[in-house]
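The structure presented is a predicted model; accordingly, all values stated were derived computationally and were not measured. Just so you know, these numbers use all the heavy atoms, side chains as well, and skip hydrogens, waters and symmetry mates.
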Amino acid sequence: MIDLPTLKPTPESNRLQIPIRQDTMVVHAALAKGTKEFRSSEFNLHLDPRGEDVPHLRVSTLGGCARLIWAEIKGETPPDEWAVEGLRAVHLGDVLEEYTVEIIKRGGLYVFGEQTEVEDLPGGALRGHIDGIIQIAGVDYLLEIKTLKHSAVADLVAHGVEDSKPIYFSQMQYYMNRLSLDGGYFVALNKDTGQYYVELVPADILHQNHLRKKALNIHTAPSIYDIQEPFVTRDCKWCPLKERCVEMDGEENFLNLYRKKNSKD
């Protein structure tokens with residue numbers, strides 16, 4: 001037997017140790033079974049067409065800074081220079097969400113209500129579309145699917161949805177509130193390894209109430225100066241409004257508020 005020389009170091013695996021808890025086991029099992037059976041019959045995408053993207057208050061962004069959301073709706077933020085690449089990322093996410101729903105169904109779980117529109121506030125000013133509702137043992141749960149890079153999934157494994165991806169946590173909480181659901185499954189596909197992270201997120205009534213007040217403040221504020229401080233996240237490092245907020249708050253006050261909001265206990 002020829003002992004071949006090593007031409008280059010074997011790269012370390014980037015696979016994560018994904019926790020499979022009792023409350024996520026049934027979803028992990030469905031994902032595994034559905035993946036194995038995916039090519040057993042034809043699969044076609046059925047993505048619904050979307051109309052013109054008029055700026056409006058979205059459930060998916062409600063966990064972000066209320067000042068930035070208000071400015072984006074009013075067209076007062078700089079143009080996005082990465083708009084084309086961003087659109088491709090959105091399209092890829094839509095395709096892989098559809099695929100994920102398909103393999104969950106093939107894995108034996110009932111999913112319904114895909115892309116159901118959820119509205120709130122006068123005139124439907126706040127809108128969003130759920131990925132679906134998944135039924136397990138006769139109980140309905142929100143289904144939220146994301147396609148993420150490896151580092152983001154690793155952060156989920158270490159800290160969970162609420163701490164590592166608060167904007168997704170808030171999105172789920174608002175949908176649960178509007179749909180009267182007591183919990184939801186967050187399912188994240190790791191684009192680099194093909195692994196799925198699954199977490200059961202319980203309803204948080206206090207956070208839901210906070211979000212509804214935040215949505216109403218954004219919707220009714222006549223100017224950015226009328227956005228209330230509890231709804232300003234102070235996640236300022238890469239924010240296009242940073243300099244404007246410094247002018248609004250005053251430099252010293254801005255820095256104090258930033259430190260207070262981002263200080264660790």
When you compare the side chain of Phe43 with that of Arg106, does any pair of heavy atoms fall below 4.5 Å? yes
Gap between atom CZ of Arg244 and atom CZ of Phe254 - 0.5 Å precision: 13.5 Å
Hey, could you give me the OH/CG distance between Tyr141 and Asp182, rounded to the nearest 0.5 Å? 8.5 Å
Are any of the side-chain nitrogens in Lys74 or Glu72 under 4.0 Å away from the carboxylate oxygens of its partner? no
May I ask you to decide if Val232's main-chain N or O and Arg67's side chain share a donor-acceptor pair within less than 3.5 Å? no
When you measure from the side chain of Glu199 to the backbone of Val161, do you find a donor-acceptor pair of N or O atoms at a distance under 3.5 Å? yes
Regarding Lys105 and the six-membered ring of Tyr110, is the cationic atom NZ or CZ under 6.0 Å from the ring centre and inside 45° of its axis? no
Lys149 with Asp192: basic N within carboxylate O range, under 4.0 Å: no
Can you confirm whether Phe231 sits close enough to Cys65 that some side-chain heavy atom of one is under 4.5 Å from a side-chain heavy atom of the other? no
Only one of Ile134, Ile133, Leu179 passes side-chain contact (heavy atoms from CB on, under 4.5 Å) with Asp140, and that residue is Ile133
Under 4.0 Å between a Lys/Arg side-chain N and an Asp/Glu carboxylate O for Arg127 and Asp120? no
With rounding to the nearest 0.5 angstrom, report the CG to NZ distance, Leu156 to Lys146. 11.5 Å
Tell me whether the rings of Phe38 and Tyr99 are parallel (<30°), tilted (30 to 60°) or perpendicular (>60°). perpendicular
